Asker: 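Right, I'll just put the structure down here and ask away after.
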Number of protein chains: 2
Amino acid sequence: MTDRYAPSTHSPARAPAGQPARLYHTPLSPFSRKVRLVLAEKRIEVELAEERYWEQGPELFRRNPAGKIPVLRLDGMLLAESQAICEYLDETVPSPPLMPDSPAGRYEVRRLCAWFDDKFNAEVTRPVLNERVWKKVQKTGYPDSRVVKAGLSAIKAHVDYMHGLLEERRWLAGPTISIADFAAAAHFSCLDYISDVDWDRSDLVRQWYATIKSRPAFRNVLADQMPGIHPAPHYALLDF
Amino acid sequence: MTDRYAPSTHSPARAPAGQPARLYHTPLSPFSRKVRLVLAEKRIEVELAEERYWEQGPELFRRNPAGKIPVLRLDGMLLAESQAICEYLDETVPSPPLMPDSPAGRYEVRRLCAWFDDKFNAEVTRPVLNERVWKKVQKTGYPDSRVVKAGLSAIKAHVDYMHGLLEERRWLAGPTISIADFAAAAHFSCLDYISDVDWDRSDLVRQWYATIKSRPAFRNVLADQMPGIHPAPHYALLDF
């Protein structure tokens with residue numbers, strides 16, 4: 001593996017100048033979707049290039065020595081890690097702002113992004129999608145229904161937690177929409193594709209998702225299709 | 001679990017005013033150490049309170065609904081998630097600066113923090129420490145030598161990657177010391193406690209660690225003792 005980590009792959013890795021912006025992504029990856037939503041909200045147009053990251057090809061490691069997606073080719077660089085990418089986009093394309101002005105406000109956005117990208121992902125998104133999508137796509141086995149059940153049980157506490165936040169706040173991290181809302185919505189949209197969200201548990205969470213889903217930035221994500229895996233009937237409906 | 005996520009636990013959770021700054025931490029947690037190092041570098045004095053997070057007591061969830069350490073009580077708030085805490089500290093206590101001035105520089109710090117806290121942790125720190133420390137401390141079984149071996153094999157590629165970075169840069173993310181150096185050093189110091197770093201693999205990485213280890217901020221971390229688990233003889237030596 002050593003040669004994959006050669007100095008030429010250091011990031012911000014350089015990309016040849018003059019190439020169009022491009023996002024290397026995977027449909028139903030919550031991290032790819034988070035970056036796509038932030039790009040669209042900022043009205044930054046990018047080409048999408050689908051990456052089969054599980055095949056671990058040399059191009060994947062050339063673009064990102066960590067061997068992960070998404071990777072964004074922008075401004076002559078190859079950018080990796082969804083949170084680092086989204087904060088870079090917010091700092092370089094300030095309108096509309098997706099981070100609050102105060103340090104405490106920014107802290108809260110970062111805490112909640114970690115909540116969804118780390119805790120929610122480990123307890124819900126990764127196990128459920130792995131069993132119900134990736135095992136089929138990557139031909140690595142059959143779904144284990146106990147794992148799916150544990151993931152769908154774990155989602156309840158998260159919806160309750162979000163409900164509590166939304167009782168006090170217009171958006172998850174405060175009075176204005178932020179990267180935290182797009183991080184959370186990215187996870188929920190992946191689960192919603194395979195119909196694994198119990199929207200009856202909280203009106204506030206359903207309303208939050210309906211509002212964010214109706215933003216123009218969401219259109220492109222809702223048009224995704226995974227070959228062989230059909231979306232739930234309500235997946236692209238704005239009234240669900 | 002629902003009651004753990006009650007609205008009163010929302011973060012930035014409020015702590016009674018006038019209480020001294022306190023860090024709820026666990027020795028040999030790389031995330032706790034990262035925050036301790038940044039606090040010390042900023043000369044912010046805090047009490048340390050040891051948290052046995054694996055016992056999952058109600059106080060742990062009251063302080064941080066995610067049920068994780070470290071948690072920093074500061075400025076009348078209870079702050080969680082090491083990266084969010086460290087960036088908050090850098091924004092509110094600007095001297096010495098631990099984030100670069102440019103968006104591309106800050107991007108690179110965040111990418112590398114994610115590298116160590118996500119990838120390095122999953123491939124090296126977590127499996128090695130789980131087998132060699134936490135199973136003993138938490139009485140959950142005996143170490144699996146295959147897991148330890150795989151973790152120690154994975155560290156090589158990371159050291160090579162860091163070597164490549166340090167051929168071009170004074171510090172990991174660029175010309176100035178940053179949160180990324182403390183994130184990486186936190187992981188290495190945990191592994192070094194149990195003597196699991198092959199320092200002969202790269203002179204540049206050894207020199208980087210010797211330099212960061214000799215900073216006053218590191219003294220407190222080097223004084224840690226885990227009951228029943230003795231540090232390697234060279235652990236606290238500045239010349240190793």
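Letters go in sequence order (proteins before strands), and every chain restarts at 1. Note that this is a predicted model, so its numbers are computed, not measured.
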Asker: Given a strict heavy-atom distance threshold of 4.5 Å, which part of B:D118 is in contact with chain A: side chain, backbone, both, or neither?
Answerer: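 Just the side chain, heavy atoms under 4.5 Å.
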Asker: Examine distances only and state if a side-chain atom of B:Y107 and a backbone atom of A:A80 form a donor-acceptor pair shorter than 3.5 Å.
Answerer: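 Yes; at least one donor-acceptor contact below 3.5 Å.
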Asker: Would you find more than 12 non-hydrogen atoms of other residues, nucleotides or ligands less than 6.0 Å from B:Q138 atom CD?
Answerer: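 Atom CD in B:Q138 is crowded, with more than 12 foreign heavy atoms closer than 6.0 Å.
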Asker: For B:Y88 and A:P103, which heavy atoms make the closest approach, and how far apart are they?
Answerer: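 Minimum heavy-atom separation between B:Y88 and A:P103: CD1-O, 3.7 Å.
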Asker: May I ask you to check whether over 12 heavy atoms, not counting those of B:D144, lie within 6.0 Å of atom CG?
Answerer: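 Yes - once you tally the heavy atoms of other residues, nucleotides and ligands closer than 6.0 Å, there are more than 12.
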Asker: More than 12 foreign heavy atoms under 6.0 Å from CD of B:E55: is that the case here?
Answerer: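 Yes, enclosed.
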Asker: To check you understand the geometry: which heavy-atom pair defines the closest contact between A:A84 and B:R111, and what is its length?
Answerer: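 It is CB-N, 3.8 Å.
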Asker: Could you go step by step and tell me if B:R106 and A:E91 meet the salt bridge (Lys or Arg N to Asp or Glu O under 4.0 Å) rule?
Answerer: CA-CA 10 Å; B:R106 283 192 292 277; A:E91 291 180 0; 3.0 Å; yes
Asker: Distance from A:Q83 atom CD to B:R110 atom CZ, nearest 0.5 Å?
Answerer: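 Rounded to the nearest 0.5 Å, the CD-CZ separation comes out at 8.0 Å.
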Asker: How about A:D198: does its CG atom have over 12 heavy atoms from other parts shown lying under 6.0 Å from it?
Answerer: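 Correct, the count exceeds 12.
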Asker: State, to 0.1 Å, how close B:A66 and A:K119 come at their nearest heavy-atom pair, and which atoms those are.
Answerer: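 Looking at all heavy atoms of both residues, the shortest contact is O-NZ, 3.1 Å.
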